[in-house]
Amino acid sequence: MGISRLRKWHLGAASVAGLAMLAGVPTVVASVSNQGFTVPGASSAVKLMAMLDGRSPGERTKGELAATKVKTSAAAVRSADPAAQPRERALGKIVQPKQPASPQASNVASPVEASAIIPTPTLGEVLAPRSTGMVPGSGGAVLPPVIGGGGGGGGTPGSPGSPGTGETPPTTPGTPDTPPVEGTPIVPGIPETPPPGELPPVIIVPPPSGGGNPTPETPVTPGIDQPPEVVTAVPEPGTWMMLLLGFGMIGRAMRSRPRRRGVKVQGA
Amino acid sequence: MIRTLALASVLAIVLSIGVLSRDAETARSSTSPVLHAGQFPGGARVLLTPDQRREADAVGGFVQTPLSLLRVERPMHYGEYKWNDEGVPTGRISIRVDLRTQLLSVFRGGHEIGTAVVLYGADTKETPLGKFPILWKGKNHRSSLYDAPMPYTLRLTGDGVAIHGSNVRWGAATHGCIGVPTEFASHLFAEARVGDPVVILRSSGNV
């Protein structure tokens, strides 16, 4: 009777410990592979774009272009006659180096430019706006905060920054139902995942006009400009709990060994 | 007591290995096929995880959600290509060209069967971005505009943009076409049919 109950304890502890290990193995594998160890078959943790970029010989730089189809045939003709005078290669078009804040280079004005034109509210103001300052629908100053997708550090003041996403600040009574300080504005092409721990000052940028890039080289990639940040694997709270419970049950099972084996049970 | 614990943990590890080696997508979604690594001989292929497939859908350019890629360990050189369609079921192909990475990928049924480094249009003669169906195929076409050979041409637009074989090397560009190594172009020419979609894009590089 006592023995069968003990057996049940054993089996229960063993099964819980086994389940805890089962739950823990994928997270261990993922965390190990994220740290750069070459675990065989662990390409699952690598991002798809990283895999594609890893194959690439790199971007084509401006100075690389030395020949086109027409020029190669001309060069072949030229090389056949060694006594020919060297000819200068006439440039068909003078290409100016692109300004960093040119509208063609990015849809978004650089942060320096934007702050010079439009007063950028600090993060504190975004989270707890002054009642005097916030007049919804008043135009430029109270646009939903939009972060430019061009810079690497950009991110919306999303989930960790502004609690209660989308809730109208209580200091503006009688406002119409357009909360100007929503946590995550929906703007196509802007990512929704903020970088971990970092919330830069809010930059207000007018949404790109429909024909903002009239030239044919407009990137047409739909979706996210910035991929989600890499987050190292952390076991779920449930997993941790299971692990601790399993250890607890093992300990209790070990304590309740039969005395006749001579194991001293210490403590209560 | 210890024995049962050890037995249970060994069992758990064996089960977890079994679960991990299988594609977990089959448990969650009924639409995606069951893929086993053994389906593709030689370890030439990387099966994509559900997260990677979601990322592919987000990044764009894939006509069909990709299921596997060819295993490419190092960066490819100009003139290099990979073609392997072993184990991939037959069907229509789709092509994805990324101008930023200068790569072209050919997919059949969601599985990548070929990839190559490409040449694309110079800054003065840019390659257009977008999704183009193959309009016309020509094995020994010759450009009338530039009087240059364009072997294994897959015409994409009415004004001459096409995928064709060319001498892919550093420092070269085309007048708007996509140039691929000629041998790769011959494989592609054999597989492609009029109407197959070609997506040309320039991905953003913030990986």
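Proteins come first, then strands; the chains are lettered A, B, ... in the order of their sequence lines, and each starts at number 1.
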Original post:
Does CZ in B/Arg142 sit with more than 12 non-hydrogen atoms of other residues, nucleotides or ligands closer than 6.0 Å?
Top reply: yes
Original post:
In terms of heavy-atom pairs under 4.5 Å with chain A, which of B/Val117, B/Asn167, B/Asp123 leads?
Top reply: B/Asp123
Subject >> Atom pair CE (A/Met51) and CG (B/Leu48), whose distance is rounded to the nearest 0.5 Å >> reply: 5.5 Å
Original post:
With sequence neighbours left out, what residues match B/Thr124 under side-chain hydrogen bond (donor to acceptor under 3.5 Å, both in side chains)?
Top reply: none
Subject >> Atom pair OG/CG of B/Ser203 and A/Asp53 - distance to nearest 0.5 Å >> reply: 6.5 Å
Original post:
Is it the side chain or the backbone of B/Leu103 that comes within 4.5 Å of chain A heavy atoms, both, or neither?
Top reply: side chain
**OP:** Taking atom CH2 of B/Trp136 as the centre, report whether more than 12 heavy atoms of other residues, nucleotides or ligands fall under 6.0 Å from it.
**Re:** yes
Original post:
Given a strict heavy-atom distance threshold of 4.5 Å, which part of B/Arg96 is in contact with chain A: side chain, backbone, both, or neither?
Top reply: side chain
Original post:
Could B/Glu112 and A/Arg55 be called an ion pair, given the rule that one side-chain N must be under 4.0 Å from one carboxylate O?
Top reply: yes
Subject >> Side-chain heavy-atom pair A/Leu52, B/Leu69 within 4.5 angstrom cut-off >> reply: yes
Subject >> Interatomic spacing from NZ in A/Lys47 to OG1 in B/Thr49 - rounded to 0.5 Å >> reply: 9.5 Å
**OP:** Could you grab the distance from atom CD of B/Gln102 to atom CD of A/Glu59, nearest 0.5 Å is fine?
**Re:** 8.0 Å
Original post:
How far apart are the closest heavy atoms of B/Glu55 and A/Leu48, and which atoms are they?
Top reply: OE1-N, 2.8 Å
Subject >> B/Asn140 atom CG: more than 12 heavy-atom contacts under 6.0 Å >> reply: no
Original post:
Considering residues at least two apart in sequence or located in another chain, which fulfil the side-chain contact (heavy atoms from CB on, under 4.5 Å) criterion with B/Ser186?
Top reply: B/Tyr152
Subject >> Point-to-point distance, once rounded to the nearest 0.5 Å, from OH of B/Tyr78 to CZ of A/Arg60 >> reply: 8.0 Å
Subject >> Heavy-atom closest contact (B/Pro75 atom, A/Ser56 atom, distance) >> reply: CB-O, 3.6 Å
Subject >> Under 4.5 Å from any heavy atom of chain A - which part of B/Thr115 >> reply: side chain
